[in-house]
Novice: 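Pasting a structure here, questions to come.
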Amino acid sequence: MATLRRLREAPRHLLVCEKSNFGNHKSRHRHLVQTHYYNYRVSFLIPECGILSEELKNLVMQTGPYYFVKNLPLHELITPEFISTFIKKGSCYALTYNTNIDEDNTVALLPNGKLILSLDKDTYEETGLQGHPSQFSGRKIMKFIVSIDLMELSLNLDSKKYERISWSFKEKKPLKFDFLLAWHNTGSEESTMMSYFSKYQIQEHQPKVVLSTVRDLQCPVLQSSELEGAPEVSCQALELFDWLGAVFSNVSLNNEPNNFISTYGCPQPSTVVAKAYLCTITGFILPEKICLLLEHLCHYFDELKLAPWVTLSVQGFADSPVSWGKSEHGFWKGGEHLYNFVIFNNQDYWLQMAVGANDHCPP
């Protein structure tokens with residue numbers, strides 16, 4: 001009965017909202033974007049806009065490429081050649097594909113060179129590596145986390161530690177995964193991932209971009225200084241968050257009583273905009289690309305615009321081993337970890353960060 005009650009419980013969620021200004025030297029907007037490593041969907045909404053500028057459209061179209069490598073042995077990510085070619089010359093990201101964080105072995109390579117392994121109990125014991133139990137383990141520990149600093153290992157490739165890890169991945173417990181990979185090169189050298197992994201099944205992909213114009217959209221009225229809103233004057237941040245989810249999901253906002261799918265309506269007070277531009281990018285999207293997009297949207301109001309605000313929303317991979325930084329991520333009843341910026345025409349912004357049941361409070 002206790003198990004049934006837990007299954008019927010609504011999943012716990014955490015939502016953190018804060019406000020600041022992009023000109024504030026203590027603003028942490030860049031840090032929050034840069035440390036949210038694994039992003040699969042980016043959406044922005046611009047009220048009172050019927051067409052994107054060429055500059056913004058070009059930026060949207062340049063959010064790739066990323067790569068899919070099938071059955072890649074894990075030991076390939078710790079070789080001296082890989083470390084010197086990709087990790088030391090830029091920011092390299094890797095994430096196992098089609099693995100469930102609560103049930104399967106999953107792996108993530110962070111841009112700082114940390115390799116994070118989330119392993120089931122049997123695999124963990126077979127590797128012989130040192131780690132620690134997942135912080136979301138119950139009474140019976142079924143998942144373990146192993147963290148390997150590849151930058152530190154590369155300083156002494158003759159060390160016993162490197163030999164033990166290499167032997168574990170090559171011989172003791174060879175592990176293969178389908179990986180998503182991407183590389184942000186800080187120099188002028190072209191990416192060589194296609195040629196580097198040419199002996200494996202590798203495909204290059206570009207993120208999918210969907211551009212659309214929403215007509216006669218009922219939008220909440222917001223005031224940048226009022227996160228909690230003001231009665232009959234402006235809506236609160238939580239109401240906006242729910243409304244954005246409905247807009248991005250193409251949910252009807254008419255609040256019709258005979259609509260059996262949704263009776264949701266726009267929070268009040270609201271205003272109707274003739275046109276709003278909606279863009280959604282789906283793929284393996286790097287924080288560096290999102291930083292560029294956020295910076296461009298910050299300058300959207302450099303010229304006089306009718307829109308009082310724009311939004312930028314980013315959703316992370318539900319089954320990534322981490323959410324922000326090295327913070328362990330789980331799934332349980334929901335694997336969401338996402339953030340949303342509301343950018344106002346006076347350079348104020350709201351930042352909303354949400355995680356699901358198996359996460360600590362966002363940073």
Side-chain angles (χ1 to χ4, degrees), residues 11 36-41 66-78 82 86 92-129 131-138 140-148 150 165 168-170 172-183 193 197 200-205 207-208 282-287 314-338 355-359:
H36 194 264
Y37 299 130
Y38 302 107
N39 312 289
Y40 86 92
R41 181 171 294 164
Y66 64 95
Y67 304 88
F68 173 70
V69 187
K70 195 169 182 61
N71 290 324
L72 180 67
L74 188 55
H75 72 80
E76 288 283 9
L77 299 184
I78 69 166
F82 181 82
F86 295 105
C92 189
Y93 301 78
L95 181 65
T96 47
Y97 184 67
N98 271 343
T99 53
N100 297 320
I101 187 65
D102 286 351
E103 302 172 347
D104 305 325
N105 298 315
T106 59
V107 178
L109 174 62
L110 279 53
N112 58 8
K114 298 287 178 62
L115 188 65
I116 308 296
L117 285 68
S118 175
L119 305 175
D120 62 49
K121 184 175 183 290
D122 291 341
T123 304
Y124 173 71
E125 292 175 349
E126 290 172 22
T127 62
L129 299 176
H132 59 84
S134 166
Q135 64 183 3
F136 304 118
S137 298
K140 188 177 181 180
I141 299 173
M142 300 303 295
K143 293 283 285 188
F144 288 81
I145 308 299
V146 177
S147 179
I148 302 171
L150 300 184
I165 294 172
S168 175
F169 289 165
K170 279 186 176 181
K172 192 171 191 299
K173 184 61 178 177
L175 295 170
K176 292 183 179 181
F177 299 95
D178 294 346
F179 272 100
L180 295 175
L181 289 136
W183 186 44
M193 276 197 168
F197 292 113
Y200 299 101
Q201 297 181 50
I202 181 171
Q203 300 172 344
E204 179 178 317
H205 293 275
K208 179 184 177 182
T282 307
F284 190 53
I285 307 163
L286 300 189
V314 179
Q315 298 182 43
F317 281 87
D319 289 290
S320 64
V322 297
S323 52
W324 270 274
K326 287 182 65 177
S327 297
E328 186 185 343
H329 172 62
F331 194 97
W332 196 41
K333 293 183 178 180
E336 60 273 14
H337 56 106
L338 59 129
V355 294
N358 270 12
D359 279 273

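This is a predicted model, so every value here is computed, not measured.
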Novice: Would you find more than 12 non-hydrogen atoms of other residues, nucleotides or ligands less than 6.0 Å from Tyr97 atom OH?
Specialist: no
Novice: Any donor and acceptor pair, going by atom type alone, linking the side chain of Asn39 with main-chain N or O of Arg41 inside 3.5 Å?
Specialist: no
Novice: Is it the case that the side chain of Lys143 and the backbone of Asp104 share a donor-acceptor pair, with hydrogens and angles ignored and the cut-off at 3.5 Å?
Specialist: yes
Novice: Please report the interatomic distance CZ(Phe177) to OG1(Thr96), rounded to the nearest 0.5 Å.
Specialist: 6.5 Å
Novice: If you define the side chain from C-beta out and look only at heavy atoms, does anything of Lys173 sit under 4.5 Å from Thr123?
Specialist: yes
Novice: Nearest 0.5 Å please: distance from the CG atom of Asn98 over to the NZ atom of Lys70.
Specialist: 8.5 Å
Novice: Are there more than 12 heavy atoms of other residues, nucleotides or ligands under 6.0 Å from atom NZ of Lys172?
Specialist: yes
Novice: Which value, rounded to the nearest 0.5 Å, describes the distance between Ser134 atom OG and Asp102 atom CG?
Specialist: 8.0 Å
Novice: Are Phe317 and Tyr40 an aromatic pair, judged by ring center distance below 6.0 Å?
Specialist: yes
Novice: Would you say the side chain of Val107 lies within less than 4.5 Å of the side chain of Leu74, judging by non-hydrogen atoms?
Specialist: yes
Novice: Between OG1 of Thr106 and CG of Leu95, what distance do you get to the nearest 0.5 Å?
Specialist: 8.0 Å
Novice: Determine whether Glu76 and Phe82 make a side-chain contact, defined as any pair of heavy atoms from C-beta on separated by less than 4.5 Å.
Specialist: no
Novice: Looking at CG of Leu109 and CD1 of Ile116, how far apart are the two atoms once the value is rounded to the nearest 0.5 Å?
Specialist: 9.0 Å
Novice: Heavy-atom distance under 4.5 Å between the side chains of Phe68 and Leu181, does that happen here?
Specialist: no
Novice: For Tyr93, which residues count as a side chain to side chain donor-acceptor pair (under 3.5 Å) partner, sequence neighbours excluded?
Specialist: Glu288
Novice: Apply side-chain contact (heavy atoms from CB on, under 4.5 Å) to Leu117 and Phe169, showing your working.
Specialist: CA-CA 12 Å; Leu117 285 68; Phe169 289 165; 3.9 Å; yes
Novice: Report yes or no: does Asn100 contribute a side-chain atom to a donor-acceptor pair with the main-chain N or O of Glu103 at less than 3.5 Å?
Specialist: no
Novice: How close do Asp359 and Ser323 get, heavy atom to heavy atom, and via which atoms?
Specialist: OD1-OG, 3.4 Å
Novice: Could you tell me if the side chain of Ile78 sits less than 4.5 Å from the side chain of Ile165, heavy atoms only?
Specialist: yes
Novice: Hey, is the main chain of Gly325 close enough, under 3.5 Å, to the side chain of Tyr37 for a donor-acceptor pair?
Specialist: no
Novice: Could you walk me through whether Glu336 and Gln315 pass side-chain contact (heavy atoms from CB on, under 4.5 Å), step by step?
Specialist: CA-CA 7 Å; Glu336 60 273 14; Gln315 298 182 43; over 6 Å; no
Novice: Does any donor atom in the side chain of His329 or Ser118 lie under 3.5 Å from an acceptor atom in the other side chain?
Specialist: no
Novice: Is there a side-chain contact between His337 and Ser320, using heavy atoms and a 4.5 Å cut-off?
Specialist: yes
Novice: Does Val322 reach the side chain of Tyr38, with side-chain heavy atoms less than 4.5 Å apart?
Specialist: yes
Novice: Does Asn71 offer a backbone N or O that forms a donor-acceptor pair with the side chain of Asp178 under 3.5 Å?
Specialist: yes
Novice: Distance check, rounded to the nearest 0.5 Å: Tyr124 atom OH versus Ile145 atom CD1?
Specialist: 10.0 Å
Novice: Taking all non-hydrogen atoms of both residues, which atom of Pro207 and which atom of Tyr66 are closest, and how far apart?
Specialist: N-CE2, 3.8 Å
Novice: With a 3.5 Å distance limit and no angle check, can you tell me whether Trp183 reaches the backbone of Met193 through a side-chain donor-acceptor pair?
Specialist: no
Novice: Working note: Phe144 + Thr127, criterion side-chain contact (heavy atoms from CB on, under 4.5 Å); need CA distance, chi angles, decisive distance, verdict.
Specialist: CA-CA 11 Å; Phe144 288 81; Thr127 62; over 6 Å; no
Novice: Take Lys326 and Leu110 through the side-chain contact (heavy atoms from CB on, under 4.5 Å) test and state the conclusion after the steps.
Specialist: CA-CA 9 Å; Lys326 287 182 65 177; Leu110 279 53; 3.8 Å; yes
Novice: Is the backbone of Gln135 close enough, under 3.5 Å, to the side chain of Glu328 for a donor and an acceptor to pair up by distance?
Specialist: yes
Novice: Using every non-hydrogen atom in the two residues, find where Cys92 and Phe86 come nearest and quote the distance to one decimal.
Specialist: SG-CB, 4.1 Å
Novice: Sub-3.5 Å donor-acceptor pair from the side chain of Asp319 to the main-chain atoms of Ile101, do we have one?
Specialist: yes
Novice: Measuring only between side-chain heavy atoms, which start at C-beta, is Val69 closer than 4.5 Å to Leu180?
Specialist: no
Novice: Using modelled atom types only, decide if a donor and an acceptor are shared between the side chain of His132 and the backbone of Val146 within a distance under 3.5 Å.
Specialist: no
